[in-house]
There are 2 protein chains.
Amino acid sequence: MKATIYDIAKEAGVSIATVSKVLNGKGKISAETSKAIYAIMERLNYQPSVIATALTGKKTYTLGLLIPDISNPFFSEVARAIEDQGEHLGYSVIMCSTDNKDEKVERYISLLQQKQVDGIIIATGIDNKDIVEQLLAKGIPVVLLARDMPLIAVNTVVVDDYVGGCLAASHLIGLGHRKLAVIGEKDSVRSSRERIRGFRQTMEDHGIALQEGFLKTCDYKVADGKKKALELLQSEDSPSAIFACNDMLAVGALQAARAVGKKVPNDLSIVSFDNTLLSEVADPPLTTLAQPIEHMGKLVVNMIVEELHGSNKVKQRTVLRPELIIRGSTAAMIRS
Amino acid sequence: MKATIYDIAKEAGVSIATVSKVLNGKGKISAETSKAIYAIMERLNYQPSVIATALTGKKTYTLGLLIPDISNPFFSEVARAIEDQGEHLGYSVIMCSTDNKDEKVERYISLLQQKQVDGIIIATGIDNKDIVEQLLAKGIPVVLLARDMPLIAVNTVVVDDYVGGCLAASHLIGLGHRKLAVIGEKDSVRSSRERIRGFRQTMEDHGIALQEGFLKTCDYKVADGKKKALELLQSEDSPSAIFACNDMLAVGALQAARAVGKKVPNDLSIVSFDNTLLSEVADPPLTTLAQPIEHMGKLVVNMIVEELHGSNKVKQRTVLRPELIIRGSTAAMIRS
DNA sequence: TTGAAAGCGCTACCAC
DNA sequence: GTGGTAGCGCTTTCAA
């Protein structure tokens with residue numbers, strides 16, 4: 001069987017209390033005892049049981065990560081960033097793909113509580129704010145990532161979606177485009193809504209109105225984007241540029257353009273959002289608003305860990321600025 | 001505080017033993033007591049502590065998943081499949097991205113043991129077989145996924161890489177190609193090696209030799225594939241078809257072709273392996289050997305759970321057949 | 001059908 | 001400096 005603290009104690013001829021102390025660097029222990037105990041632990045290949053430690057009211061060193069779908073590139077990149085920082089600070093992470101279904105969210109949250117995770121990172125859409133509030137009420141550290149609920153006092157890390165939308169519009173307008181269309185996620189997705197709001201506002205600031213019918217919303221997958229882009233491109237009065245609210249939708253738009261024989265970027269410019277692997281891999285590579293994914297991951301686990309340590313009492317909302325990465329999917333409007 | 005078994009017992013006027021029994025459906029408990037206790041648990045919103053249960057020598061209902069990198073589409077899709085089946089059977093999964101570094105593998109494995117996970121799914125490259133053998137020796141259920149170590153008695157789920165390579169070659173040869181090149185992962189990656197072996201064998205069966213210099217190996221990323229493909233395409237005697245051992249490499253090859261002005265599939269055919277999101281999203285979409293990812297995920301967690309239950313004593317190695325999905329990256333050789 | 005009590009491996013408080 | 005011991009929340013004999 002695995003060695004326990006008793007085995008170590010017996011072997012060293014001391015009490016388990018002493019072993020526990022050297023293990024945690026607490027109390028006063030003579031250097032010799034300490035050294036001897038370490039040696040024995042090494043020899044017996046002793047590994048303290050996180051389970052037992054946790055039961056004693058301490059931490060499990062485990063975090064829960066709620067995301068819509070780990071197989072979606074944006075979220076798998078986010079997950080990687082979180083995992084890395086978690087590992088760095090000694091935490092492991094349990095992944096929970098919710099498909100944005102409140103029912104799955106609730107199931108997973110209940111599970112995570114039973115497992116006594118030290119904190120929960122929520123990067124999934126949640127319709128029911130009560131879910132988060134209940135967690136908070138129970139004193140379970142929660143951080144929202146890439147989603148926010150301004151009315152709730154909870155730590156949050158988001159990218160400035162509104163500004164992202166503005167930047168997308170500025171870029172396109174700067175290139176001479178006037179007939180701009182938008183493909184976003186359905187209206188319930190706040191981030192998408194904000195991106196669109198920024199986009200539209202900037203258009204208006206330039207005296208351009210977002211045409212009736214040039215705003216399409218749908219689910220977040222490639223196929224959805226393709227379908228909506230097709231609608232846009234097949235109408236007789238079609239846009240010269242499209243702002244797609246994420247990389248998957250943009251790839252869909254790319255496919256649609258190809259399907260109707262339009263060249264990107266010459267016949268059609270596309271601006272995307274996220275800067276996942278997809279935007280590099282697409283042909284042409286996508287001009288996109290980069291979310292600082294790694295930084296977001298770091299921040300979010302730092303926040304949750306600080307909350308665990310009792311520091312950082314005041315709730316904060318960190319807004320990161322997206323950065324426009326210009327690649328090959330946008331070009332100056334050719335005067336006709 | 002959270003309700004414990006004591007709270008329930010007190011409230012119901014019974015002992016904790018009784019509560020424990022109804023909780024686990026063990027022993028004989030009168031229907032009434034049982035019903036009453038359920039009611040109270042409901043009312044107090046009682047959730048048994050997995051931690052405490054685990055300490056009593058039971059299971060943690062947690063699995064460890066070792067993969068090279070969760071942000072790699074193939075593995076994020078695998079992870080999703082595993083998560084789903086895990087959830088279905090009541091297990092959560094801790095993700096561990098190892099970057100194929102034995103050092104990280106060891107760190108994670110040690111961590112998983114401290115957390116007393118019920119089993120470990122290994123889908124990452126491991127140079128040191130001892131690591132797996134030690135796990136096995138400790139009686140920790142292990143299943144290998146997409147990697148194998150034939151010499152070790154361990155449950156394994158793999159795709160038939162050799163056959164995949166054969167199918168790729170047959171397809172290309174059937175299209176009239178004779179000058180075939182291969183881009184694979186470095187030789188230490190067994191799956192890639194097997195794919196190449198199958199490919200080469202099939203070529204030879206058709207009386208074609210794999211030309212000197214037409215076999216390139218590298219890391220697994222897009223940039224690596226592009227670089228090697230460029231070398232291939234820029235030599236004066238360049239191949240008419242490339243077999244890339246995974247989707248990322250294939251995308252790299254696609255980029256290289258574009259860079260040198262070759263049209264895929266007319267000037268160059270590309271066959272890929274994996275059938276991840278990338279192969280659908282690429283332009284043209286990739287002809288690829290599909291790994292039955294969902295099925296693999298299901299199988300692998302079923303295997304580990306069966307092992308936990310003590311059934312399934314005999315070790316097995318399940319080999320799944322990859323399926324050729326023909327998309328737009330391959331075309332018949334144009335006679336010149 | 002139910003309950004008392006002995007652990008599971010570890011921490012923390014209080015003595016010595 | 002070191003050790004005794006009471007839990008943490010739950011499972012599991014063994015008795016009643």
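Owing to the predicted nature of the structure, the values given are computational and were not obtained by experimental measurement. So you know, we letter chains A, B, ... as the sequences are listed, proteins then strands, and number each from 1. Only heavy atoms go into these numbers, but all of them, side chains included; no hydrogens, no water, no symmetry mates.
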- prompt: Can Arg80(B) and Asp99(A) be counted as an ion pair, charged N to O under 4.0 angstrom?
  reply: yes
Atom-pair distance (NZ on Lys10(A); C1' on dG9(C)), nearest Å: 14 Å
message: For a quick test of reading the model: is some side-chain N or O of Ser20(B) closer than 4.0 Å to OP1 or OP2 of dT11(D)?
response: yes
query: Are Glu307(A) and Lys315(A) ion-paired here, with the side-chain N under 4.0 Å from a carboxylate O?
result: yes
CD (Gln114(A)) with more than 12 external heavy atoms under 6.0 Å: yes
query: Does a nitrogen or oxygen in the side chain of Ser15(B) sit under 4.0 Å from OP1 or OP2 of dG3(C)?
result: yes
- prompt: Would you say the side chain of Thr18(A) and the base of dG1(D) hold a donor-acceptor pair, judged only by whether the two atoms sit under 3.5 Å apart?
  reply: no
message: Strictly below 4.0 Å: does Tyr6(B) bring a side-chain N or O up to OP1 or OP2 of dG3(C)?
response: no
- prompt: When you check the phosphate oxygens OP1 and OP2 of dT2(C), does a side-chain N or O of Thr33(B) lie under 4.0 Å from one of them?
  reply: yes
Value in whole Å for how far the C1' atom of dC10(C) lies from NZ of Lys2(A): 13 Å
statement: From CD1 of Ile8(A) across to P of dG3(D) the rounded distance in Å is 15 Å
Lys10(A) atom NZ, over 12 foreign heavy atoms within 6.0 Å: no
- request: Could you work out which one of dC10(C), dG7(C), dT2(C) sits closest to the side chain of Ala52(A)?
  value: dC10(C)
query: Applying the side chain to side chain donor-acceptor pair (under 3.5 Å) test to Arg317(A), which of Asn155(A), Thr156(A), Asp148(A) qualifies?
result: Asp148(A)
statement: Atom NZ of Lys59(A) and atom P of dC10(C) are separated, to the nearest Å, by 18 Å
message: Check this for me: does any side-chain nitrogen of one of Lys58(B) and Asp118(B) sit under 4.0 Å from a carboxylate oxygen of the other?
response: no
- request: Give Val14(A) one of three labels, base, sugar-phosphate or nothing, depending on what nucleic acid heavy atoms sit under 4.0 Å from its own.
  value: sugar-phosphate
- prompt: Think Lys26(A) has a side-chain N or O under 4.0 angstrom from the OP1 or OP2 of dT11(C)?
  reply: no
message: If you take any heavy atom closer than 4.0 Å to DNA chain D, which residues from residues 111-119 of chain B end up in contact?
response: none
- prompt: What integer distance in Å separates Ile5(A):CD1 from dG4(D):C1'?
  reply: 14 Å
- prompt: Taking CD1 from Ile29(A) and P from dG3(D), how many angstroms apart are they, rounded to a whole number?
  reply: 8 Å
- request: Could you tell me the separation between the CG atom of Asn24(B) and the C1' atom of dT13(D), rounded to a whole number of Å?
  value: 15 Å
Under 4.0 angstrom between Lys58(A) side-chain N/O and dA12(C) OP1 or OP2: yes
- prompt: Hey, is the side chain of Ser30(A) poking within less than 4.0 Å of OP1 or OP2 on dT2(D), counting only N and O atoms?
  reply: yes
message: Whole angstroms only, please: what is the CG-C1' distance between Leu55(B) and dG9(D)?
response: 9 Å
message: Between Lys115(B) (side chain only) and Tyr61(A) (backbone N and O only), is there a donor and an acceptor less than 3.5 Å apart?
response: yes
Lys129(A) and Glu133(A) ion-paired at < 4.0 Å: no
field: Candidate nucleotides dC10(D), dT2(C), dT2(D), ranked by approach to the side chain of Lys21(A) - the nearest
entry: dT2(D)
- request: Mind checking Ile16(B) for me? I need base, sugar-phosphate or nothing, with any heavy atom below 4.0 Å counting as a touch.
  value: base
